[in-house]
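Before any comments, here is the structure.
Every number for a ligand or one of its atoms is a count from 1 in the order of the listing.
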Amino acid sequence: MSGKPKLHYVNGRGRMEPIRWLLATAGVEFEESFLEKKEDLTKLQKDGSLLFQQVPMVEIDGMKLVQTRAILNYIAMKYNLYGKDMKERALIDMYVEGMFDLNELLIMYELQPAEKKDEYFANMMDKAENRYFPVFEKVLKDHGKDFLVGNQLSRADVQLLEIILMVEEWKPDILPKFPLLQRFKARLSNIPTIKKFLQPGSQRKAPSNDDDVDKVIKIFFS
Ligand code: GSN
């Protein structure tokens, strides 16, 4: 055994991508095992690897962790990306939960039926631009520091950068309306481990195409 965490999921972003981001930011090398077909999921379910029969699952430190938030909590705690006290942690949790809500909207877009996609897209972008991005712009302004919470990098910063980049893929002109987020993006993207993760060839996943979506539907929803 290599000792590296091993991530079990499809070869796409979904719920695993924030986990990949956090590990990469912490400078932790990880291995991935991709589900390619429904039988790969069934096998993990049958051999008792998945507590709730679901992925993401991460093998780490002798555990088989499931539940995205539990996995992220563990990694954040282990690599000191979870604030310095309970109050900082409460703020981090609050910001991150907002990001999860927006992330859920983004990852479910591809799975919408064709006739609903335009309406769904408009609502998703409206929420990004008029609900979530203004909140994080204000948090940075009020806090007046380089990071969302305290004086050091936390999981909230990492997840915010991930979500900014994702929203920008859909709406490339969004960021000039949020100057502090724009500067935040530039700053964070320059942290060496993040810079490396942003380069081609890293384990960061590309946006999904139609074939990826078909595969995900076959594995999880058929
Ligand atoms: O956050 C979590 O990890 C869980 N609360 C949800 C995980 C989940 O819904 N996993 C789905 C795949 S969809 N996105 O990741 C899953 O494994 N479904 C298989 C099944 O048989 O339920």
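Tyr9 and Phe34 have their aromatic ring centers separated by at least 6.0 angstrom.
The closest protein non-hydrogen atom to atom 6 (C) of ligand 1 is Gln54 OE1, 3.6 Å. Here the heavy atom of the protein found nearest to atom 13 (S) of ligand 1 is Arg15 NH1, 3.4 Å. For atom 18 (N) of ligand 1, the closest non-hydrogen atom on the protein side is Phe220 CD2, 3.8 Å. The protein atom (non-hydrogen) at minimum distance from atom 11 (C) of ligand 1 is Val55 O, 3.7 Å.
The pair Asp61-Lys78 meets the salt-bridge criterion, with a side-chain N (NZ, NE, NH1 or NH2) lying under 4.0 Å from an Asp/Glu carboxylate O. Using a 4.0 Å cut-off between charged nitrogen and carboxylate oxygen, Glu169 and Arg13 count as a salt-bridge pair. The pair Asp212-Lys215 does not meet the salt-bridge criterion, since no charged nitrogen lies less than 4.0 angstrom from a carboxylate oxygen.
Under the 3.5 Å distance criterion, with hydrogens and angles disregarded, a donor-acceptor pair is assigned to the side chains of Asp93 and Tyr82.
Interface atoms of ligand 1 facing Thr68, defined by a heavy-atom separation under 4.0 Å, are 1 (O), 2 (C), 3 (O). Residue contact check: Gln67 has heavy atoms under 4.0 Å from atoms 1 (O), 2 (C), 3 (O), 4 (C), 5 (N) of ligand 1.
Partner Glu32 forms a side chain to side chain donor-acceptor pair (under 3.5 Å) with one of Arg20, Lys4, His8 and no other, that one being Arg20.
Using a 4.0 Å cut-off between heavy atoms, Tyr9 contacts ligand 1 through its side chain alone, with no backbone atom that close. Residue Gln45 touches ligand 1 through its side chain alone, judged by heavy-atom distances below 4.0 Å. Of all the heavy atoms of Gln53, the ones lying under 4.0 Å from any atom of ligand 1 belong exclusively to the backbone.
Note on ligand 1: Pro56 sits in its first shell, one or more heavy atoms being nearer than 4.0 Å.
Within a 6.0 Å sphere centred on NZ of Lys177, other residues, nucleotides and ligands contribute more than 12 heavy atoms. More than 12 heavy atoms of other residues, nucleotides or ligands lie within 6.0 Å of NZ in Lys117, so this atom counts as buried by the packing criterion.
Considering both main-chain and side-chain atoms, Phe221 never comes within under 3.5 Å of ligand 1 through any nitrogen or oxygen pair.
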